Amino acid sequence: MNMQQDSQLTIAGRSFHSRLMVGTGKYDDLHQMKEALDVSDTEIVTVAVRRVNLDQQEESLLHYIDRERYFILPNTAGCQTASEAVRTARLARAAGLSNWVKLEVIPADGTLLPDPIQTIEAAQILVEEGFIVLPYTTDDHLVAKRLLEIGCATIMPYGSPIGTGRGLVSQDRLRRVIDQVAGRVPVVIDAGIGSPSDAALAMELGADAVLINTAIARATDPVGMAYAMQLGVKAGRAGYLAGRIQKTDIAQPSSPTSGLINA
């Protein structure tokens with residue numbers, strides 16, 4: 001399959017042309033955030049429920065996001081236990097935000113790494129209640145398998161800890177997650193991506209999408225970086241579809257060896 005024949009990103013029966021999801025935190029101001037979203041070509045924008053004024057009467061983050069253009073994906077950022085995450089998701093749905101939720105359960109241990117046990121527990125409850133659950137998780141393929149069995153709509157392993165910009169610290173582990181999921185739901189690399197080349201590499205590995213926040217919002221030029229990330233995602237996806245050459249230990253000439261001119 002080449003880029004022209006590529007299918008859209010489909011999550012829980014809903015299709016998106018963009019494979020870049022963008023977060024809304026850490027921008028200098030909401031106008032900057034809006035401009036970055038515009039040039040990123042994203043369609044899925046994730047917002048922390050705790051940052052949203054759910055009564056929507058006063059000015060809030062949502063006033064800067066065109067809901068005709070972007071699909072709002074509420075997240076449970078700040079929740080440290082399964083019960084907190086479930087309560088937050090229910091609150092967002094009751095306020096009419098969405099029945100989709102990016103599930104984040106992160107203990108207060110300073111690592112910002114997801115708690116797989118609490119994440120699985122919360123995912124189980126939310127799926128049973130009819131939520132479309134997109135869980136942020138570790139790069140452990142066994143955890144991915146369990147989340148898949150529960151009925152989660154995506155698997156979202158980290159590339160490296162949130163906000164570090166260290167890229168994909170374990171490509172082998174991410175490959176195992178991708179192999180474990182094997183096309184049954186999209187794999188979205190979340191957290192740790194620091195540059196467009198990181199985003200491209202994630203897509204070359206076979207990820208279906210990436211979610212980026214800090215690398216765009218804290219760049220010297222967030223709007224310029226949002227555009228660069230768009231290109232990185234597209235280049236990586238095109239490279240994955242085109243198929244890279246095999247790596248070898250022996251050098252091989254690019255030109256034919258026949259017909260050489262003898263000295």
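Since the structure is predicted, the reported quantities are computational estimates derived from the model, not experimental observations.
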For [X] and [Y], which I'm curious about, is there any donor-acceptor pair between the side chains at under 3.5 Å?
X: Asp29; Y: Tyr64; value: no
X: Asn75; Y: Thr46; value: yes
X: Ser15; Y: Thr10; value: yes
X: Asp172; Y: Ser170; value: no

Minimal non-hydrogen separation, [X] against [Y], with atom names:
X: Val105; Y: Pro107; result: O-CD, 4.0 Å
X: Ile132; Y: Ala12; result: CG2-CB, 3.7 Å
X: Tyr136; Y: Leu112; result: OH-O, 3.5 Å
X: Ile106; Y: Leu113; result: CG2-O, 3.6 Å

Check this for me: does any side-chain nitrogen of one of [X] and [Y] sit under 4.0 Å from a carboxylate oxygen of the other?
X: Arg87; Y: Glu84; result: no
X: Lys102; Y: Asp190; result: yes
X: Arg176; Y: Asp140; result: no

Measuring from atom [atom1] of [X] to atom [atom2] of [Y], what distance do you get when rounded to the nearest 0.5 angstrom?
X: Arg67; Y: Ser98; atom1: CZ; atom2: OG; answer: 8.0 Å
X: Arg166; Y: Tyr158; atom1: CZ; atom2: OH; answer: 10.5 Å
X: Met156; Y: Ile189; atom1: CE; atom2: CD1; answer: 9.5 Å
X: Tyr240; Y: Glu204; atom1: OH; atom2: CD; answer: 11.5 Å
X: Ile11; Y: Trp100; atom1: CD1; atom2: CH2; answer: 5.0 Å
X: Leu73; Y: Ile44; atom1: CG; atom2: CD1; answer: 7.0 Å

Checklist entry - With distance as the sole test, does Asp208 use its side chain to make a donor-acceptor pair with the main-chain N or O of Val187 at under 3.5 Å? => result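 Pair found, side chain donor or acceptor close to backbone of Val187.
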May I ask whether [X] and [Y] are part of the same hydrophobic cluster, defined by side-chain heavy atoms of I, L, V, M, F, W, Y residues being less than 4.5 angstrom apart, directly or through others?
X: Met225; Y: Leu30; answer: yes
X: Ile193; Y: Leu174; answer: yes
X: Ile120; Y: Val127; answer: yes
X: Leu97; Y: Val133; answer: yes

Report, as yes or no, whether the 6.0 Å neighbourhood of atom [atom1] on [X] holds more than 12 heavy atoms from other residues, nucleotides or ligands.
X: Gln80; atom1: CD; value: yes
X: Leu231; atom1: CG; value: yes
X: His17; atom1: NE2; value: yes
X: Tyr70; atom1: OH; value: yes

Next on the checklist: Among Arg218, Gln32, Glu35, which residue satisfies the side chain to side chain contact (heavy atoms under 4.5 Å, CB included) criterion with Tyr27?
Outcome noted: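 Exactly one candidate clears the test, Gln32.
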